[in-house]
Amino acid sequence: MAKTVRNGKARKPVSSAGAQRGPNWPVFVLALIGMALTSYLTYAAWQRTLVAGCTPGSACDVVLNSRWSRLFGMPVSFWGLLTYGALAAVAWNRQTADQWKIAWTISLAGLVYSIYLTTVAFFVLDAACPYCLTSLGLMAAIFGVVLYQRPADLPAFSWGPWIAKTGGAGLALTLVLHLFQAGYLGKAPAPEDPWIRGLADHLRRTNAKFYGAYWCPHCQEQKAAFGSSADRLPYIECSPAGRRGPVATACVQAGIESYPTWIINGQRYLGTLSLDNLARYSQYSYSAADSGAKP
């Protein structure tokens, strides 16, 4: 290794990488804040409790309980926790070219996916969650710091190919996750359960009404309880023009104020109901005729 001589003593020249040894405190602190935020959201999701400031039916509740709030059976916040944890680990011992590239890749993927989820919240759910927006801001800040800290002596580095490679990978990953969360990938629909199919048909035949909204996570949960028979339900959409649009006339006339609302045999029931309760309230008794099966 080359040496310089100063005051009669030989010493090693200090490279830009060597001068940057030690934890990357800005990224480390931001990642710790992200870990605290996502830990809280994950705990609330596992305990099935509302987070602070989110009332039932609020925009925050809609986002945190939508189909996009879970990925591979786990809360999205759990995967966010792992992402922030990985960034914290990299930031603690980050001062090499490879570690900068790892931090860039992780933060870019997290930022692209956060932007995707925010877009879904705004344009599909017509809602916004302050917790999710805070996480987006944290991930954007981390990415900005990493971008600013690029080592000046990266060998054979060119921005064009690097952005094309990492950005393309981030977009491809987000597309695959979108297809999975939107239901285009995954298990094929299961066969209809005869008892559940019979219950759905019975509710429709007895003029029961199921009032809900496409953006309501508890309405989606109610439909999910019926599995492949959900299309048979006597469902009435109360938000055909979007979350901020006018409420459907049928819902106004019925005095619907929260979703889901069931009206069965003249009685009103609020919230998600179990299949057993629906069967009891509607006086459903299973038979081969109810299931559509031949005697």
Side-chain angles (χ1 to χ4, degrees), residues 15-42 45 68-122 129 131-182 184-186:
S15 68
S16 60
Q20 297 174 354
R21 295 288 178 183
N24 184 343
W25 290 111
V27 172
F28 184 73
V29 171
L30 289 169
L32 286 183
I33 296 173
M35 290 177 66
L37 173 65
T38 50
S39 294
Y40 172 60
L41 295 177
T42 301
W68 286 275
S69 68
R70 302 190 71 83
L71 181 63
F72 304 125
M74 301 292 288
V76 166
S77 56
F78 171 77
W79 301 109
L81 173 60
L82 295 184
T83 302
Y84 284 118
L87 285 168
V90 172
W92 187 253
N93 299 289
R94 59 98 181 169
Q95 306 302 335
T96 66
D98 286 341
Q99 287 170 323
W100 179 85
K101 291 180 179 180
I102 294 172
W104 166 282
T105 303
I106 295 174
S107 60
L108 177 60
L111 179 60
V112 171
Y113 188 61
S114 295
I115 292 174
Y116 158 72
L117 291 177
T118 302
T119 302
V120 169
F122 282 152
C129 170
Y131 292 95
C132 308
L133 293 176
T134 300
S135 182
L136 171 62
L138 287 170
M139 195 60 70
I142 291 174
F143 179 74
V145 171
V146 173
L147 173 63
Y148 176 78
Q149 293 178 334
R150 181 183 74 86
D153 55 356
L154 284 178
F157 180 85
S158 177
W159 275 115
W162 176 248
I163 292 176
K165 179 172 64 176
T166 58
L171 291 174
L173 175 62
T174 299
L175 176 60
V176 172
L177 295 178
H178 164 71
L179 293 175
F180 182 85
Q181 289 180 290
Y184 296 107
L185 297 178

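Predicted model only: the values in this text are computed from it and were never measured.
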Check the pair Tyr40 / Met35 against side chain to side chain contact (heavy atoms under 4.5 Å, CB included), numbers first and verdict last. CA-CA 9 Å; Tyr40 172 60; Met35 290 177 66; over 6 Å; no
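- For the pair Leu87/Met139, a side-chain contact is recorded, criterion being any heavy-atom separation below 4.5 Å from C-beta on.
- Judged by distance alone, with hydrogens and angles left aside, the side-chain atoms of Trp100 form a donor-acceptor pair with the main-chain N or O of Val146 at under 3.5 Å.
- Residue Trp104 is tested with Phe143, Phe157, Tyr148 for a ring-ring contact (aromatic ring centres under 6.0 Å, His included); the sole match is Phe143.
- Only one option out of Val76, Leu173, Thr118 pairs with Tyr113 in a side-chain contact (heavy atoms from CB on, under 4.5 Å); it is Val76.
- Taking the six-membered ring for Trp and thresholds of 30 and 60 degrees, Phe180 and Phe72 have ring planes inclined between 30 and 60 degrees apart.
- To the nearest 0.5 Å, the span separating CG on Leu117 from OG1 on Thr174 amounts to 8.5 Å.
- In the model, Thr42 has a side-chain atom that pairs as donor or acceptor with a side-chain atom of Ser77 under 3.5 Å.
- Using bins of under 30°, 30° to 60° and over 60° for the plane-to-plane angle, the ring pair Tyr116/His178 lands in the perpendicular bin.
- Under the 4.5 Å side-chain criterion, counting only non-hydrogen atoms from C-beta, Trp162 is in contact with Thr105.
- Ser39 contributes atom OG, which lies 4.0 Å from atom CG of Leu81 (distance to the nearest 0.5 angstrom).
- Going from atom NZ of Lys101 over to atom NZ of Lys165 covers 6.5 Å, rounded to the nearest 0.5 Å.
- Inspection of the Tyr84 and Ser135 side chains reveals an N or O donor paired with an N or O acceptor under 3.5 Å.
- You'll find the side chain of Val27 reaches within 4.5 Å of the side chain of Gln149, heavy atoms only.
- The CD1 atom of Ile142 lies 13.5 Å from the CG atom of Leu147; values are rounded to the nearest 0.5 Å.
- For the pair Leu111 and Leu136, the minimum side-chain heavy-atom distance is below 4.5 Å.
- Summarising the geometry, atom SG belonging to Cys132 is positioned 9.5 Å from atom CZ belonging to Phe122; distances are rounded to the nearest 0.5 Å.
- Atom OG of residue Ser158 and atom CD1 of residue Ile163 lie 9.0 Å apart, to the nearest 0.5 angstrom.
- By the 30° and 60° cut-offs, the orientation of the rings of Trp25 relative to Trp92 is perpendicular.
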